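Please read the structure below before turning to the comments.
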There are 2 protein chains.
Amino acid sequence: MTTVLIADDQPLQRLGFRMLLESQDDMTVLGEANNGAEATRMTAELQPDVVLMDVRMPGLDGIEATRRIIASGARTRVLILTTFDLDEYAYSGLRAGASGFLVKDAQPEDLLSGIRAVATGDAVVAPSLTRRLLDAYVHHLPTAASAAAQTPDPRLDSLTDREREILTVIGKGWTNTEIATRLHLAESTVKTHVGRVLAKTGSRDRIQAVILAYDTKLVK
Amino acid sequence: MTTVLIADDQPLQRLGFRMLLESQDDMTVLGEANNGAEATRMTAELQPDVVLMDVRMPGLDGIEATRRIIASGARTRVLILTTFDLDEYAYSGLRAGASGFLVKDAQPEDLLSGIRAVATGDAVVAPSLTRRLLDAYVHHLPTAASAAAQTPDPRLDSLTDREREILTVIGKGWTNTEIATRLHLAESTVKTHVGRVLAKTGSRDRIQAVILAYDTKLVK
DNA sequence: GCCACGGTAGTACCGGGGTACTACCCCGCT
DNA sequence: AGCGGGGTAGTACCCCGGTACTACCGTGGC
């Protein structure tokens, strides 16, 4: 169950969000705040999984409230919602520690899946903004070569690409049957791959392989 | 009407996408390509709005095909779809000029809204990757995730000291018999402890527990 | 043309992991 | 004294993980 706090200064807007969220059987609205100060206080008290945060609010605005919530060390994730997808709002909001930035005219399903994503630690950005973020930052992305060089661990050298993939999903905790179904393989094939990965990496079982995957930063 | 080309080497996967897309009255599948070379050729010929591009394909892979399509100057947008949200794939795909990067186990609605977004010139990135992109390039302030990691993880709250100790050595990869001998316990006792740890933390097996131990910084 | 290698797939077998109980002891609390 | 929680220990059972093979097919190198 995902618990949500709604922070918006417009009562009608809050009502809309509450109706949408309460219609989902995996979400609960813990409360509503009508300004940033109240949002900060209620978050500390109610410890929701996610705060739906409006940017424009009287007194303490959503950006500053986000900053304070994150600074408090709470495990609550902040998803910023605004009418305007202005870059200034987005950049400062994300820099403040928000896990996401969506525009209010998004489809309800997009909002819901966004809430679920940030609740599990992922992040979401409105497509219109993603475009601009990519344009601005794509040139700073590491190349495939440097990404490969990022794992110079000799323990992984002998693995083929496929085996490295297998090791990655082992590290994610997938079972053999899960790997088989999700990768469209027979379980026997998965076992063959896994066996080779274990042999090549000197791991006695998949648990050692999970640890190896973490040590080599293949996962997380 | 949004026109789409599906590029994937798995016929069954293509069929699934086609079924999903054709069920929408604002989308049409112009064709299917089963490798990168074919995708490049068919894009030039059919000029679709969007290419759903798989990464792993025999011969010319999805990344290189994306690079060639973008380089050709076509107005076609490329949305990369892959089973793995590996950073290497994503970075190189986005650098190649893709308008989006989604994982195949996403919800169908998310895929559809993603297609609509890139068709209109916006961009989409899978939430799991967005998290890492934000962490790496948008802000250098503590994130919600790292802030949460500083405080004791609530998932471990219900554990007793002994159980937390057990979880730690599970995270180190010790087997039940190793735990028993090194901690001077009977193996049955170890199994009891392990069982309780798994139940309390909601882990289906010790592998999930290992991952949890790493996530909560209980080990390393 | 042939061979090596990577990826896929199959069968058969065994042991450890995990579950579902029950049970006993020690300690602190009321 | 009675009670509850934490730690310890046992038995019985089933399933998944891992091993040890064998085998087929493409692709690329020689």
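As the structure is a computational prediction, the values presented were derived from the model and not from experiment. Within every chain, numbering begins at 1; the chains are lettered A, B, ... in the order of the sequence lines, protein sequences first and strands thereafter.
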In short, ring pair (Phe, Tyr, Trp, His ring centres under 6.0 Å) pairs touching residues 193-220 of chain B with sequence neighbours left out are A/Y214-B/Y214

With B/L167, the side chain to side chain contact (heavy atoms under 4.5 Å, CB included) member among B/V210, B/V219, B/L218, B/V194:
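Between B/L167 and the candidates, side chain to side chain contact (heavy atoms under 4.5 Å, CB included) is satisfied uniquely by B/L218.
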
Do A/E109 and B/R116 meet the salt-bridge criterion of a basic N to acidic O distance under 4.0 Å?
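A salt bridge is absent here (no side-chain N lies under 4.0 Å from a carboxylate O).
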
Using 4.0 Å as the upper bound for N to carboxylate O, is an ion pair formed by A/R204 and B/E178?
yes

Do any side-chain atoms of residues 182-191 of chain B form donor-acceptor pairs under 3.5 angstrom with protein atoms, and if so which ones, sequence neighbours left out?
none

Is there side-chain contact between A/S99 and A/L79, with at least one heavy-atom pair below 4.5 Å?
no

Do B/I63 and B/I80 come close enough that some side-chain heavy atom pair is under 4.5 Å?
yes

Axial bend angle, the helix from C/dG1-D/dC30 to C/dT30-D/dA1: five-pair end segments, nearest 10°:
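Inter-axis angle at the termini of the helix from C/dG1-D/dC30 to C/dT30-D/dA1: 40°.
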
Could you check whether A/R206 and A/N176, counting side-chain N and O atoms only, form a donor-acceptor pair closer than 3.5 Å?
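Side chains of A/N176 and A/R206: pair found under 3.5 Å.
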
Both B/K191 and B/D205 contact DNA chain D. Taking the nearest nucleotide for each, which residue is further toward the 5' end?
B/K191

Could you list where the contact with chain B starts and ends along DNA chain D, reading 5' to 3', using a 4.0 Å heavy-atom cut-off?
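First-to-last contact on DNA chain D, by the 4.0 Å heavy-atom rule, is D/dG6 to D/dT11.
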
Strictly below 4.0 Å: does B/R206 bring a side-chain N or O up to OP1 or OP2 of C/dG18?
yes

How would you list, by chain and number, every residue that makes a salt bridge (Lys or Arg N to Asp or Glu O under 4.0 Å) with B/D161, sequence neighbours excluded?
B/R164

Using heavy-atom distances to pick each residue's nearest nucleotide on DNA chain C, tell me which of A/S188 and B/N176 is more 5'.
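Checking each residue's closest nucleotide, the 5'-ward one belongs to A/S188.
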
Please answer whether the main-chain N or O of A/D49 pairs with a side-chain N or O of A/T3 as donor and acceptor at a distance below 3.5 Å.
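At least one qualifying donor-acceptor pair exists.
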
Under 3.5 Å, which protein N or O atoms sit close to an N or O of nucleotides 3-8 of chain C? Give each pair with its distance.
| residue | atom | partner | partner atom | Å |
| --- | --- | --- | --- | --- |
| C/dG7 | OP1 | A/R162 | N | 3.3 |
| C/dG7 | OP2 | A/T160 | OG1 | 2.5 |
| C/dT8 | OP1 | A/R162 | NH2 | 3.0 |
| C/dT8 | OP2 | A/R162 | NE | 3.0 |
| C/dT8 | OP2 | A/H193 | NE2 | 2.6 |
| C/dT8 | O4 | A/R196 | NH2 | 3.2 |

